[in-house]
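One structure below.
Read the numbers this way: they start at 1 and go in the same order the structure lists the ligands and their atoms. This is a predicted model, so every value here is computed, not measured.
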Amino acid sequence: MPKAIGFAAQAADQALEYFEFERRDPTADDVEIEIAYCGVCHSDLHQARNEWGGTVFPCVPGHEIVGKVTRVGNKVSKYKVGDTVGVGCMVDSCRTCANCEDGYEQYCDNGFVGTYNGEDKHMGGVTFGGYSNRITVAQDFVLKVSDKLDLAGVAPLLCAGITTYSPLRHWGVTKGHKVGVVGLGGLGHMAVKIAKAMGAEVVLFTTSPNKVDDAKRLGADHVVISKDEEQMKAWRNSLDFILNTVAAPHDLDAYLTLLRLDGTMTLVGVPAESHPSPAVFNLIAKRRSLAGSLIGGIAETQEMLDFCAEHGITSDIEMIAMDEINEAYERMLKSDVKYRFVIDMATLKQK
Ligand SMILES: [Zn+2]
Ligand SMILES: [Zn+2]
């Protein structure tokens with residue numbers, strides 16, 4: 001079996017460090033990928049530190065993977081050696097439940113297989129993610145990546161991109177809609193770019209006055225400082241849709257009241273402790289909806305990548321070397337990143 005190298009957490013309270021392990025040889029249906037770049041998602045940190053519980057150690061995080069195909073199994077029809085490809089948050093699912101059949105693998109009734117810390121059906125134990133030099137994945141969970149775009153900037157599309165694209169598409173955001181985006185981090189900055197490319201008028205809500213210029217540069221038509229009640233009031237009953245990316249508990253009513261009749265606010269940020277319950281009156285007063293959304297299915301992820309290639313959209317990134325990952329986690333905790341760290345896997349060397 002091919003040897004792999006990577007960075008792993010050996011325990012919840014330990015820094016990530018160099019780790020050697022094995023990947024499977026490609027089965028008939030598999031694609032083997034040499035990883036060029038891997039984005040750094042907040043989920044990586046949560047799971048490496050077992051903050052959600054259930055992490056099996058050693059844990060090799062990483063689910064924003066781009067690279068080149070190095071080998072394919074003999075039944076692989078979608079990819080050939082040398083193709084540029086991506087892998088996101090899932091590497092498999094049951095493929096037979098109603099949700100999988102409808103292309104909603106992320107909502108698989110039997111649970112999808114996570115790219116890391118998922119149950120590894122081939123090797124036993126858990127799956128190891130993208131903080132490594134290679135990965136073997138079933139072709140149906142591999143995405144085509146356009147060579148038109150900067151590859152390092154594409155990596156975060158595999159999680160941050162699809163997490164924001166899917167709800168914007170599902171709730172039918174289009175030209176003429178007024179769309180609110182709450183928070184300007186890894187998810188929020190993608191939401192601004194994608195909603196703008198879909199033709200919406202984009203209103204970015206932030207607590208930080210120092211993010212105004214950047215929000216406008218990224219495509220926001222309006223920037224509202226959410227602590228300023230007068231500014232908030234001016235947007236009451238006006239927005240068709242709000243994508244709320246904030247992962248800290250906050251007052252949802254402040255945003256629900258900005259929705260017009262039949263408007264929806266969708267949550268994609270996951271706070272460690274729940275938000276205070278919103279007031280029912282604000283929902284019934286304008287038949288408003290409060291919803292949630294999780295990444296996106298494989299077909300939709302491909303659609304998102306194609307959409308981003310067509311519109312020249314990538315993530316704004318800060319490139320790091322593999323051995324800078326622990327420092328990057330500390331900076332991520334302080335939101336000190338514009339807007340996503342991406343690991344240059346060429347910096348990962350055999351010891
Ligand atoms: Zn992620
Ligand atoms: Zn399923």
### Query
Does NZ or CZ of Lys3 come closer than 6.0 Å to the centre of the six-membered ring of Phe21, within 45° of the ring's axis?
no

### Task
Count the heavy atoms of every other residue, nucleotide or ligand shown that sit under 6.0 Å from CD of Glu34, and state whether that count exceeds 12.
no

### Query
So, are Asp25 and Arg71 salt-bridged, with charged N and O less than 4.0 Å apart?
yes

### Task
Flag yes if more than 12 heavy atoms outside Gln231 fall under 6.0 Å of its CD atom; otherwise flag no.
yes

### Task
Report yes if the distance between the aromatic ring centroids of Phe128 and Phe19 is under 6.0 Å, otherwise no.
yes

### Task
Kindly state each residue pair satisfying ring pair (Phe, Tyr, Trp, His ring centres under 6.0 Å) with at least one member in residues 207-242, sequence neighbours excluded.
Trp171-Phe241, His222-Trp235

### Task
Give me the protein N, O or S atoms that fall under 2.8 Å of the Zn ion (ligand 1), sorted by chain and residue number.
Cys41 SG, His63 NE2, Cys159 SG

### Query
Is it the case that more than 12 heavy atoms not belonging to Lys121 sit under 6.0 Å from its NZ atom?
yes

### Task
Sequence neighbours left out, what pairs pass salt bridge (Lys or Arg N to Asp or Glu O under 4.0 Å) with at least one residue falling in residues 245-260?
Asp240-Arg260

### Message
Are more than 12 heavy atoms, taken from residues, nucleotides or ligands other than Phe141, located less than 6.0 Å from that residue's CZ atom?
### Response
yes

### Query
Which protein N, O or S atoms sit under 2.8 Å from the Zn ion (ligand 2)?
Cys94 SG, Cys97 SG, Cys100 SG, Cys108 SG

